[in-house]
Amino acid sequence: QVQLVESGGGLVQPGGSLRLSCSASGFTFSSSTMNWYRQAPGKERDLVASITSTGDSTNYADSVKGRFTISRDNPKNTVYLQMNSLVPEDTAVYYCKALTGGRNRLHYWGQGTQVIVSS
C-alpha cells in the first residue's frame, strides 16, 4: 500500500536549520517526481520545491530559493528537504507529495510534519 511518511520537523530558532525526510513505499519511487508543499494556518497549500525522478532537475519557490535544497536517494526511497536560514514565515506544516511516472500519473500525499520557527 502507498505510504509517504514525513519526519524531521520541530521547533527551531530563526537562522537555524532543519532537514525533513520523506520515506516512500508502495509505488515506484524512482519513476516519480517528488515535491514538498507547505501550509501555514489560514493559508493555502503552496509548492516549496520539486525534483525530477532522477534528481537531474530541481525547482523552488522564490520565497525559499537559496535557502532550501531538495534532494533524493532513490535506493532508499527517500526525498529530503534541507532548510537553512529559517525565518518565522517558514512556519507551516510541510507535506511530501509524489507524482507517479506511470500511465495513471497518480498523486500521493504524506500526512505532514510541523515546522515552527520562533524565538
Side-chain angles (χ1 to χ4, degrees):
Q1 297 187 13
V2 171
Q3 276 197 320
L4 294 172
V5 181
E6 301 97 332
S7 61
L11 175 64
V12 64
Q13 292 187 333
S17 298
L18 285 174
R19 189 177 78 156
L20 307 182
S21 298
C22 173
S23 178
S25 60
F27 66 98
T28 306
F29 178 85
S30 60
S31 299
S32 301
T33 297
M34 299 301 299
N35 308 271
W36 286 98
Y37 286 75
R38 68 185 182 187
Q39 187 167 25
K43 304 294 185 181
E44 66 184 29
R45 188 173 298 185
D46 293 325
L47 179 65
V48 176
S50 61
I51 186 167
T52 56
S53 60
T54 61
D56 61 348
S57 183
T58 59
N59 286 283
Y60 300 93
D62 288 342
S63 58
V64 307
K65 200 168 297 181
R67 300 187 298 120
F68 290 11
T69 303
I70 188 171
S71 61
R72 67 192 297 158
D73 188 337
N74 281 350
K76 295 182 179 179
N77 283 7
T78 302
V79 63
Y80 305 94
L81 186 67
Q82 178 67 47
M83 305 186 295
N84 299 326
S85 302
L86 286 162
V87 295
E89 291 73 23
D90 295 320
T91 296
V93 176
Y94 283 72
Y95 297 91
C96 176
K97 194 199 84 172
L99 174 60
T100 65
R103 297 172 63 89
N104 291 334
R105 301 284 287 172
L106 300 175
H107 298 260
Y108 299 124
W109 290 89
Q111 83 289 345
T113 185
Q114 177 75 64
V115 172
I116 300 175
V117 184
S118 177
S119 298

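For clarity, every value in this text was computed on a predicted model and none was experimentally measured.
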For [X] versus [Y], what's the shortest heavy-atom pair and its separation?
X	Y	answer
V79	C96	CG1-SG, 3.8 Å
L4	Q111	O-OE1, 3.2 Å
T52	R72	O-NH1, 2.8 Å
S17	Q82	CB-NE2, 4.0 Å

Please tell me if the side chains of [X] and [Y] come closer than 4.5 Å, counting only heavy atoms from C-beta onward.
X	Y	result
S50	N35	yes
E89	S63	no
S118	P88	no
L81	Y94	yes
M34	K97	no
T91	V115	no

Q: Output all residues satisfying side-chain contact (heavy atoms from CB on, under 4.5 Å) with D46, sequence neighbours left out; order by chain, then residue number.
A: E44
Q: Check side-chain contact (heavy atoms from CB on, under 4.5 Å) between K43 and all other residues, then give those that pass, not counting sequence neighbours.
A: A40
**Q.** CD (Q3) with more than 12 external heavy atoms under 6.0 Å
**A.** no
Q) Given W36 and F68, is the ring pair (Phe, Tyr, Trp, His ring centres under 6.0 Å) satisfied, shown in steps? A) CA-CA 11 Å; W36 286 98; F68 290 11; 9.9 Å; no
Would you compute the distance between atom [atom1] of [X] and atom [atom2] of [Y] and round it to the nearest 0.5 angstrom?
X	Y	atom1	atom2	value
D73	S30	CG	OG	11.5 Å
L99	N104	CG	CG	11.0 Å
L20	Y80	CG	OH	12.0 Å
N59	L47	CG	CG	8.0 Å
L86	I116	CG	CD1	12.5 Å

Q) Quick one: does NZ or CZ of R38 land under 6.0 Å from the six-membered ring centre of Y95, within 45 degrees of the ring axis? A) no
Q. Would a hydrophobic clustering, with Ile, Leu, Val, Met, Phe, Trp and Tyr connected at side-chain separations under 4.5 Å, put Y37 with V117?
A. no
Q) Would V12 and V64 show up in the same hydrophobic cluster when neighbours are defined by side-chain heavy atoms closer than 4.5 Å? A) yes
Q: Verify side-chain contact (heavy atoms from CB on, under 4.5 Å) between D90 and M83, making sure each step is shown before the conclusion.
A: CA-CA 9 Å; D90 295 320; M83 305 186 295; 6.0 Å; no
Is there a donor-acceptor pair closer than 3.5 Å between any side-chain N or O of [X] and the backbone N or O of [Y]?
X	Y	value
E6	G112	yes
T100	L106	yes
T78	N74	no

Q | ring-ring contact (aromatic ring centres under 6.0 Å, His included) partners of residues 10-34, not counting sequence neighbours, each pair once | A | F27-Y108
Q: Under the side-chain contact (heavy atoms from CB on, under 4.5 Å) rule, what do S7 and S21 come out as? Steps first, then yes or no, please.
A: CA-CA 5 Å; S7 61; S21 298; 3.8 Å; yes
